[in-house]
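Notes follow once the structure below has been shown.
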Number of protein chains: 2
Amino acid sequence: MKRAEKRDHLIDVARELFNRHGYHAAGVDRVIAESGIAKTTLYRHFRSKEDLIVAALRREDELVRENMRRAVEERAADPRDRLLATFDFLESWFTSSSFFGCPFMGAAGEYGDPKNAVFQESAMHKRLMLAYFEELARAAQLENPKWIAEQINYLHEGATAVAHLTRDANEARKAKEIASKLIGAATE
Amino acid sequence: MKRAEKRDHLIDVARELFNRHGYHAAGVDRVIAESGIAKTTLYRHFRSKEDLIVAALRREDELVRENMRRAVEERAADPRDRLLATFDFLESWFTSSSFFGCPFMGAAGEYGDPKNAVFQESAMHKRLMLAYFEELARAAQLENPKWIAEQINYLHEGATAVAHLTRDANEARKAKEIASKLIGAATE
DNA sequence: GACAAACGATACAGATCTGTTTACTTCATT
DNA sequence: AATGAAGTAAACAGATCTGTATCGTTTGTC
């Protein structure tokens, strides 16, 4: 494993542990143990645990947005359907074994200081998600794409929060139904 | 201060610290220091820190639901308006200096095991909130109160999550506007 | 093959965490 | 006034946390 690969592996292991157990509850020692990489090496790549958390969030952001984009484009061609297809992506996430609520909301909850880099990284992800929704709404030539994007965003966040506590993946479909009502399209 | 008052005070201090800093980040020692109550006394009232967390969440649940109910009833008499008035309550929360995101979502994020009492207490609160929305929808004689309640719930959760990261209390008004569209009422 | 950088393993420092123990004090009730 | 429960303060135990230091080994590069 080369240097860059080790760094990648550390981030992946950390990301999984943070998502599953939370950011304070998952310690550096556990990342070490599960990655099989020495602590010295971890601290050569990351100045602190917070740095590692930020890196994990950035990776999570990349993965989420790439996967959502791919899934949406595969599933629907019509721009308006693509807005609704984002909820199908949500549903597959809720159904998966790696759903423990939104990692970014969790991070913001544990590092609530707005000046903290962890909080800011989470805020950045949410801005990028909103921008993606707006891009889809614009492609669909909807009258007020910014406003539509905000509505979709509320439904995403709401469904994710509710699904986390109810452990019911159907929340995604319900949110989709509301969304379809809001953007004035058939429920598919 | 009598015994029961000490217990109450401990819960209040703990609740404030947990909400502000998170459940792992706020230690028992800090609760001790800020409450001015001895550690021995704390552990006479609560078997463990998790017990204290559960008690704090239960208090939070009572306060939130009572305050929301009171605010809603004061603000609006018409049942349909009362559904919308719940968003005004949200807005006052977002504006207040004690808003650090939803304490229950934070707790569920840090104690993600569904068998954990902390998680379950959070889930209970969300069920009770949903039940309240349904009660309001039923009073408004809306066609499908359960479904209306779920829609309101998504918007509440969504607005809370977004407001937490954007630090923008206007999110409550936007969510309210969506809600009014969904239940077919004027935006007031 | 030599050299420097990176890695692994482990011990360690120092802080912090939850929870307990001890010994002394306060206070309400009978 | 006596008694017993409850509170205070502080030390302590033991675990765990982040981060560093040590030192021997591997590895990539000139």
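As the structure is a prediction and not an experimental result, all values here were calculated from the model.
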Discussion item. Using the rule given for ring-ring contact (aromatic ring centres under 6.0 Å, His included), can you reason through F94(A) versus F99(A), listing the C-alpha separation, both sets of side-chain angles and the distance that settles it, and then say yes or no?
Written reply: CA-CA 6 Å; F94(A) 296 169; F99(A) 176 62; 4.8 Å; yes
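- Closest to the side chain of A38(A), out of dA6(C), dA9(C), dT18(D), is dA9(C).
- Regarding E5(B), its CD atom lies at a distance of 16 Å from the P atom of dA6(D), rounded to whole Å.
- Nearest to the side-chain atoms of K49(B) among the listed nucleotides dT18(C), dG7(D), dT18(D) stands dT18(C).
- Rounded to whole Å, atom C1' of dG19(C) lies 14 Å from atom CD of E50(B).
- A donor N or O paired with an acceptor N or O is found under 3.5 Å between the base of dG19(D) and the side-chain atoms of K39(A).
- Between E121(A) and Y111(A) there is no side-chain heavy-atom pair separated by less than 4.5 Å.
- In this structure, L10(A) atom CG and dC7(C) atom C1' are separated by 12 Å, rounded to whole Å.
- Rounded to an integer number of Å, the gap from I32(A) CD1 to dG19(D) P is 12 Å.
- Atoms CZ (R7(A)) and P (dC7(C)) sit 11 Å apart, rounded to a whole Å.
- Here dC17(D) is the nucleotide among dG19(C), dA6(D), dC17(D) with the atom lying nearest to any side-chain atom of D29(A).
- A donor-acceptor contact under 3.5 Å links the side chain of T40(A) to the base of dA9(C).
- A distance of 10.0 Å separates OH in Y154(B) from OG1 in T160(A), rounded to the nearest 0.5 Å.
- At a threshold of 4.5 Å between non-hydrogen side-chain atoms, the residues F46(A) and V28(A) do not count as touching.
- Considering only side-chain atoms of I37(A), the nucleotide from dG8(C), dG7(D), dG19(D) that sits closest is dG8(C).
- As a whole-Å value, the separation of R30(A) CZ from dA15(D) C1' is 16 Å.
- Distance from the side chain of T41(A) is smallest for dG8(C) among the nucleotides dC17(D), dG8(C), dT8(D).
- Taking 4.5 Å as the limit, every side-chain heavy atom of V162(B) sits out of range of all side-chain heavy atoms of K126(A).
- Rounded to whole angstrom, the span from the CZ atom of R44(A) across to the P atom of dC7(C) amounts to 6 Å.
- Where G36(B) and R47(A) each meet DNA chain D at their nearest nucleotide, the meeting point lying more 5' is that of G36(B).
- Residue K6(B) places no side-chain N or O under 4.0 Å from the OP1 or OP2 atom of dT26(C).
- In this structure, Y43(A) places its OH atom 19 Å from P of dC12(C), rounding to the nearest Å.
- Contact check, H45(B) against dG7(D): a side-chain N or O comes under 4.0 Å of OP1 or OP2.
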